[in-house]
S.K.: 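After the structure tokens below, expect a handful of questions from me.
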Amino acid sequence: MDEDRIRIFGIRHHGPGCARSLSLALEDWQPDCILLEGPPEGESVLSFLADETMVPPVALLVYAEEDARFAAFFPFTEYSPEWRALRYAQEKHIPLRFMDLSAAVDFAEERDREKEALRLAAVAEEQQASGASDVPPGEGDPAPEEAAASEEASAPEEDASSDMPEPSQEPDYPRGSELDELAALAGYENGEAWWNAMIEERLDGLELFEVIRDLMREMRAERERSHAGQPERERRREAHMRTCLRRAKKEGFERIAVICGAWHVPALEADVPARADNACLKGLSRMKVVATWVPWSYADLSMASGYRAGVHSPAWYEHVMRGADMEGRAVSWLTMAARLFREEGLDCSPAHIIESARLAGTLAALRQRPGPGLPELYEALQTVVCMGEEAPMRLIEQRLIIGEKLGHVPEQVPMVPLQKDIERCQKKLRLKPEASQKLLDLDLRQEKDLERSRMLHRLQSLDIPWGTDRREGGGKGTFHELWQLQWEPRLIIDIIRASHWGNTLKKAAEACTKDRASRADLAELVRLVDVALLADLDGIIDDLAERVRERAALATDTLELLSALPELVRLARYGDVRGTDTGMVLTLVEGMVPRVAVGLHAASSGLDEDSSRPLGEALRAVHESLRLMNREDLSSQWHAALRRLIPEESGVHACLRGLATRLLFDDDILSAEEVATQMGLALSPASEPEAAAAWLSSFLGQSAMLLMHDDGLWGMVDAWLAGLSDNQFTAVLPMLRRTFTGFSAPERRQLAERARRAPRSSASAPVGKDAWDEARAVLPLPLLRRMLGLAAEPEAGR
Amino acid sequence: MTMAEEKNGASSRVLRRHAEQQFAEELAELKKADTRPRPEHWELSPWAVCTYLMGGTLENGFEVTPKYIGSRRLMEIAVATLATDRALLLYGVPGTAKSWVSEHLAAAVSGDSTLIIQGTAGTSEEQMRYGWNYAELLAKGPSRNALVESPLMRAMAEGRIARIEELTRIPADVQDTLITILSEKSLPIPELNEEVQAVRGFNVIATANNRDKGVNELSSALKRRFNTVVLPVPATEDEEVAIVEKRVREMGRSLELPAEPPALEEVRRVVRVFRELRNGRTEDGKIKVKTPSGTLSTAEAISVVNSGMALAAHFGDGTLRAGDVAAGLVGAIVKDPVQDRVIWHEYLETVMKERSDWKDLYRACRNVD
């Protein structure tokens with residue numbers, strides 16, 4: 001290796017110390033060509049670096065054209081040595097090349113693996129289907145293999161979103177046990193701490209790279225001694241890098257700067273014949289890939305996000321990069337922490353900060369560090385300001401150690417049309433993508449908020465989870481929507497994946513929803529109608545409605561209809577807040593109610609208790625929603641249908657009959673006398689005790705009020721209970737118990753008290769309309785009026 | 001005077017020796033080997049104090065035993081705090097070695113752990129500052145001779161570490177006495193128109209306990225003068241077993257119990273029972289158990305094993321067996337005769353009974369009831 005033409009700088013990917021030293025080194029060495037570890041596809045978008053709206057952290061995104069699931073991110077921050085190199089090359093107008101192996105190769109490999117996994121899974125399934133019996137479960141059991149296969153199949157997706165940046169970046173900055181051992185020898189907690197103190201947080205210059213190289217040489221040698229060499233992928237990558245280096249030399253560059261992960265330095269220096277490298281790289285298949293820039297965030301840069309080449313403390317590193325000397329760095333960081341604490345309403349005076357700085361300094365001295373590093377500052381803050389508690393420190397962790405910074409890329413960067421449309425919407429609606437969590441309260445009566453809500457719903461329907469709907473279950477608070485927003489850079493991948501549905505947000509959402517509808521059952525269809533209304537996808541609403549109608553007509557399962565109905569009614573009632581046309585939903589409801597009414601009897605007869613329960617739930621919900629709708633014509637059909645369930649001859653299980661009786665009684669369709677008759681019949685000694693108890697339990701439902709305050713009912717229940725023989729009583733006891741435990745404790749106590757005095761009070765006059773004491777009833781009226789804000793006092797009394 | 005006599009005299013006869021007496025040799029060795037800069041009036045450098053607490057091997061091969069088993073970083077923070085002019089507050093649930101750490105810190109830093117004020121509801125201002133020898137006062141009027149110094153005052157004058165135990169048990173108005181002392185580093189004596197100014201090396205280590213939160217909550221003015229180090233319960237079973245075993249061995253030596261040091265297995269079982277009841281789940285994380293009202297600290301585990309050893313020595317065959325531990329175990333766990341008893345029985349029947357190699361302990365515990 002001719003030293004005078006090539007210099008290799010081994011770095012850690014996001015290391016401020018490395019970045020500083022690299023800047024110095026480049027100035028010093030004045031290269032005429034830079035080779036950088038990175039995907040060659042990225043070279044096509046390097047020109048955007050010149051744009052001043054390009055603000056790190058940003059990432060180079062490379063994805064396969066045919067399927068955006070295969071994607072890789074290569075993040076850069078201001079303190080990434082690579083970023084410095086990119087900037088340098090651009091300022092000095094010297095050629096810069098990415099020399100890593102193309103991401104296209106990785107994608108192709110992943111794709112093949114995935115296909116293979118699918119094939120294996122299919123084979124396994126076939127085996128299972130054909131000969132489950134003749135395969136002994138122990139040996140040929142395909143399940144584990146299948147599980148493994150499917151796991152692998154889903155792996156690329158995970159890769160794409162998390163640890164991609166360089167899929168096997170692990171060894172670049174040696175993090176393994178070797179470094180930890182070294183750190184332990186030097187008296188540090190772990191390798192990370194040692195590397196930070198020795199490399200990143202120092203302020204010295206050029207000889208750094210010599211040291212790193214020697215260190216890596218030792219480590220690689222050590223690893224080769226203990227393990228069996230490098231994995232295949234690594235060898236290929238290094239072969240490719242060497243090939244690039246050779247090509248650059250051949251082109252006649254005189255001063256070549258090579259910048260790569262520290263781990264690779266010895267491999268690039270090694271003297272390997274070109275032939276061997278070529279052989280290693282032969283016959284690799286590739287996918288067609290596209291490269292672009294996307295904004296990135298500190299949160300995604302941190303190790304905690306699953307990015308394996310990430311760093312523990314992005315925001316701290318930024319501070320390290322900016323800060324001057326160690327003392328000043330510590331003080332300014334503590335001051336930032338103090339401001340943050342104060343913003344959040346925690347006590348933190350300048351005196352606290354002075355004390356923290358002193359403690360951090362003393363701790364550093366005690367640990368024989370040149371100055372306080374992050375651990376010392378963290379501990380000092382926790383001890384001095386937070387009374388030793390952990391919880392307030394999370395704030396520091398989140399804001400000052402990891403950080404919430406989000407980068408920006410120029411508008412001209414190639415984007416899929418959908419992404420452009422989304423950004424246009426974001427701008428128009430003033431919804432800035434931010435890395436921190438934000439709660440958004442939308443008032444749907446405002447035009448702008450309504451538009452925002454629509455946009456968020458559209459994104460949600462495309463599975464782009466920027467916002468999560470914090471609406472509390474359904475109906476309440478219809479003017480307001482609460483959204484929790486948090487932008488993550490990897491949403492870009494979701495957008496690119498959704499982009500094949502259409503070029504604008506609305507079109508894409510419509511197409512996607514429509515596609516889902518073609519495979520949905522009735523309940524899901526109704527949910528999609530809801531989504532379509534919320535997102536204002538008016539282009540497909542008619543289509544969806546048609547489908548609902550179709551499915552409803554074809555539905556043989558009344559339960560399915562019953563469960564879809566309440567949601568539809570809700571839509572019909574509340575939709576108008578959003579200014580959408582709900583006429584079509586109303587038509588749907590109008591069409592479905594008769595259908596349900598007709599099918600109800602058939603659907604509920606001949607069921608045992610267990611299958612009647614869900615039906616009962618559905619009945620209750622439908623009843624409730626129809627009552628809210630307040631439409632005479634629909635209600636009367638429904639009531640008639642319920643009435644048909646009541647007689648014992650209907651063949652319907654007692655629990656549904658009891659429920660129907662109760663529902664009709666509530667709506668004043670059945671008079672008290674009729675109910676008394678039904679109850680008498682149901683609870684008469686001739687009925688089976690279990691059936692009688694089931695009837696009673698569903699009739700009484702959740703509340704004991706009816707029983708407590710209606711003497712007629714009370715007497716009937718009381719008489720029925722008293723008339724049971726010992727055996728019968730024992731049989732119904734569990735049922736009764738179940739009914740009564742549904743009541744609250746005070747209700748039960750009141751019932752029991754009433755039961756105790758029942759023999760005497762049963763003779764007393766029933767509490768009826770006659771017992772109305774007008775003089776007393778008038779008393780609370782003024783107060784009520786005040787509470788309700790009714791100013792004028794109408795005629796007193798009734 | 002008497003104090004000093006006691007210190008130099010037959011310290012082997014006392015029931016419990018001070019840290020600086022018990023570990024005198026270690027302290028001396030450390031002092032010899034310690035070449036690092038020392039803050040004024042410190043017996044050792046901060047580094048050496050850490051080594052004294054955490055244990056280690058000196059360059060000359062001398063082995064320093066660990067006093068605190070747990071996170072080194074916490075001890076470093078504590079020592080660093082003493083080197084600044086803020087006072088140190090050790091905070092934690094009962095039995096997390098707060099007083100233990102405080103004693104050893106004082107012993108290592110100023111070679112004297114006896115300047116101590118025990119905080120109680122009855123602690124008065126005289127105990128914190130100074131009192132008067134009334135006979136002297138009446139006879140000769142106010143003078144330095146008539147003054148009775150508090151340990152705190154002595155520490156200030158001599159540049160040593162003063163210890164305050166159970167700070168939160170001291171009434172709030174008395175606590176406030178500390179504010180001037182900690183911020184001005186001086187203690188005025190208006191009667192004599194004098195003051196005692198703290199000499200370098202003076203500092204205060206206070207301990208307070210989580211469970212007593214709200215008894216006499218520290219005022220924020222006072223809080224601001226303390227750096228707080230929260231001492232956690234031992235993180236793992238192994239750590240806790242190590243603590244119990246070590247302490248039991250040391251105490252057995254000082255109590256001159258003829259019993260064999262306990263088998264590790266027996267200690268481990270006691271620690272496991274304590275941990276499981278404290279954490280509300282079994283060590284394997286599979287079964288939930290109820291938590292009794294007591295704190296079940298490591299210190300209590302130590303005393304269970306200790307009393308077991310005494311039983312074994314005086315009434316048994318000298319080897320710690322399940323039966324010797326059982327009585328102490330039940331006594332330590334069942335603090336509330338009704339609720340805790342139910343919880344304990346549940347634990348016995350659902351957890352202990354199921355462990356095949358715990359049969360002896362299970363039977364012994366049943367017998368105690």
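Order of the sequence lines sets the chain letters (A, B, ...), proteins ahead of strands, with each chain counted from 1. Note: hydrogens, waters and symmetry copies are ignored here, and every other heavy atom, side chains too, is used. Note that the structure is predicted; figures quoted are calculated from it, not measured.
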S.K.: Kindly check if the number of other-residue, nucleotide or ligand heavy atoms within 6.0 Å of CG (D347(A)) is above 12?
M.R.: no
S.K.: Which residues in residues 391-400 of chain A have any heavy atom closer than 4.5 Å to a heavy atom of chain B?
M.R.: none
S.K.: What residues of residues 26-50 of chain B sit under 4.5 Å from chain A when you count only heavy atoms?
M.R.: R36(B), P46(B), W47(B), C50(B)
S.K.: Using a 6.0 Å cut-off, check whether atom CZ of R200(B) has over 12 heavy atoms from anything other than its own residue.
M.R.: no
S.K.: Hey, is CZ on R339(A) packed in by over 12 heavy atoms from elsewhere, all under 6.0 Å?
M.R.: no
S.K.: Take atom NZ of K223(B) as the centre, draw a 6.0 Å sphere, and report whether it contains more than 12 heavy atoms from other residues, nucleotides or ligands.
M.R.: yes
S.K.: I'd like to check L359(A) versus R86(B) (side-chain heavy atoms, cut-off strictly below 4.5 Å). Are they in contact?
M.R.: no
S.K.: Got a sec, which residues hit ring-ring contact (aromatic ring centres under 6.0 Å, His included) with F226(B), two or more places apart in sequence or on another chain?
M.R.: none
S.K.: Just wondering, more than 12 heavy atoms not from E63(B) lying within 6.0 Å of its CD?
M.R.: yes
S.K.: Tell me whether the count of non-hydrogen atoms from other residues, nucleotides or ligands lying under 6.0 Å of CD in E195(B) goes above 12.
M.R.: yes
S.K.: Give me the one residue out of T228(B), N227(B), T84(B) that meets side chain to side chain contact (heavy atoms under 4.5 Å, CB included) with V384(A).
M.R.: N227(B)
S.K.: Which of residues 68-83 of chain B have a heavy atom under 4.5 Å from any heavy atom of chain A?
M.R.: R73(B), E76(B), I77(B), V79(B), A80(B), T81(B), A83(B)
S.K.: Below 4.5 Å from any heavy atom of chain B, which atoms of S356(A) appear? Answer side chain, backbone, both or neither.
M.R.: neither
S.K.: What closest approach, in Å, do V230(B) and M387(A) show between heavy atoms, and which atom pair accounts for it?
M.R.: CG2-O, 3.8 Å
S.K.: Select one option (side chain, backbone, both, neither) describing which atoms of Q368(A) are under 4.5 Å from chain B's heavy atoms.
M.R.: side chain
